[in-house]
Amino acid sequence: MGTRSRFGMAIAGLAFGLMALLGVALPASASPGQVVKMPVAGAQFTCTDGTTFTAVSGDAVFLFHESTDAQGGDHVTGTVAPSNVTLTHSSDSLLYHLGGASWFGGNTTAGGAQNFTDTEHFQILGPSGGPVGSVSIVAHATVNANGTLTISFERDTGTCQAPQD
């Protein structure tokens, strides 16, 4: 499994942990979504041409939802979207903007089988409003109840990578 897939699956696992930490999990059925805002200043998008875009202001807005079904399975989804994020580029002093979102979701059955998907689609917009960079990743993993990875794929068609932290 690639670095981004492991990252996406780690995010889904982190979401489960955050649910427990925030006291989000409610018994059987759906819990209300939880929203968390985090400042992103300092986060860097590294691009295939060796340059970087660095966030100078704005927030990442996380929306998490977790539920448990009657059979004891856990389900989690999360969306991360930029809010008023401005960036600078390593080669100039202009201001850029970030649009798009990341979504992840997964299921764990009471028997231990797991399915998780991570998608990341962001556009870095130049001063004139046109796209100058992108993050475009789709990753998925399925693990059977015995802990064996049975399906794993990752597709990265973007020109930049999202921040790792």
Apply side-chain contact (heavy atoms from CB on, under 4.5 Å) to Asp118 and Glu154, showing your working. CA-CA 9 Å; Asp118 176 43; Glu154 175 182 328; over 6 Å; no
Side chain to side chain donor-acceptor pair (under 3.5 Å), that's the test. Do Thr54 and Thr88 meet it? Break it down for me. CA-CA 5 Å; Thr54 302; Thr88 58; 4.8 Å; no
Would Ile151 and Asn115 count as a side-chain contact (heavy atoms from CB on, under 4.5 Å) here? Give the steps. CA-CA 9 Å; Ile151 300 172; Asn115 287 291; 5.9 Å; no
As a quick check of understanding, evaluate side-chain contact (heavy atoms from CB on, under 4.5 Å) for Leu98 and Phe53, giving each step before the final call. CA-CA 10 Å; Leu98 184 65; Phe53 289 91; over 6 Å; no
For side-chain contact (heavy atoms from CB on, under 4.5 Å), just list the numbers for Glu66 and Asp74, CA-CA rounded to whole Å, side-chain angles, deciding distance to a tenth of an Å, and then say yes or no. CA-CA 7 Å; Glu66 190 269 342; Asp74 289 314; 3.4 Å; yes
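Taken together through direct or relayed side-chain contacts under 4.5 Å among Ile, Leu, Val, Met, Phe, Trp and Tyr, Met38 and Leu63 form parts of separate hydrophobic clusters. If you chain together hydrophobic residues whose side chains sit under 4.5 Å apart, Val132 and Leu94 fall into the same group. Linking Ile, Leu, Val, Met, Phe, Trp and Tyr residues whenever their side-chain heavy atoms come within less than 4.5 Å leaves Val35 and Val80 in two separate clusters.
Nearest approach of Ala110 to Gln71, heavy atoms of both residues: CB-O, 3.1 Å. Heavy atoms only, all atoms of each residue included: Pro82 and Phe122 are closest at CD-CE2, 3.8 Å. Residues Thr79 and Ala101 come closest through the heavy atom pair CG2-CB, 4.4 Å. Heavy atoms only, all atoms of each residue included: Thr119 and Ser102 are closest at O-OG, 3.0 Å. Across Val135 and Gln161, no two heavy atoms sit closer than the pair CG2-C, 4.0 Å. Counting all heavy atoms, side chain and backbone alike, Ala43 lies closest to Pro163 at CB-CG, 3.7 Å.
Counting non-hydrogen atoms of other residues, nucleotides and ligands closer than 6.0 Å to CG of Asn144 gives a total above 12.
The distance from atom NE2 of His75 to atom OG1 of Thr109, rounded to the nearest 0.5 Å, is 9.0 Å. To the nearest 0.5 Å, atom CG of residue Leu87 and atom CG of residue Leu125 are 9.5 Å apart. Gln123 contributes atom CD, which lies 8.5 Å from atom OG of Ser136 (distance to the nearest 0.5 angstrom). Atom OG of Ser134 sits about 11.0 Å away from atom CZ of Phe45, to the nearest 0.5 Å.
No side-chain N or O of Thr142 forms a donor-acceptor pair with one of Thr150 less than 3.5 Å apart. Using modelled atom types and a 3.5 Å distance limit, the side chains of Asp49 and Thr51 yield a donor-acceptor pair.
Thr86 has its side chain within reach of His97: a pair of non-hydrogen atoms, C-beta onward, lies under 4.5 Å apart.
One N or O on the side chain of Asp156 and one on the backbone of Gly158 form a donor-acceptor pair closer than 3.5 Å. At distances below 3.5 Å, at least one donor-acceptor pair connects side-chain atoms of Ser90 with backbone N or O atoms of Thr52. Remark: side-chain polar atoms of His140 are paired, donor with acceptor, to backbone N or O of Phe116 under 3.5 angstrom.
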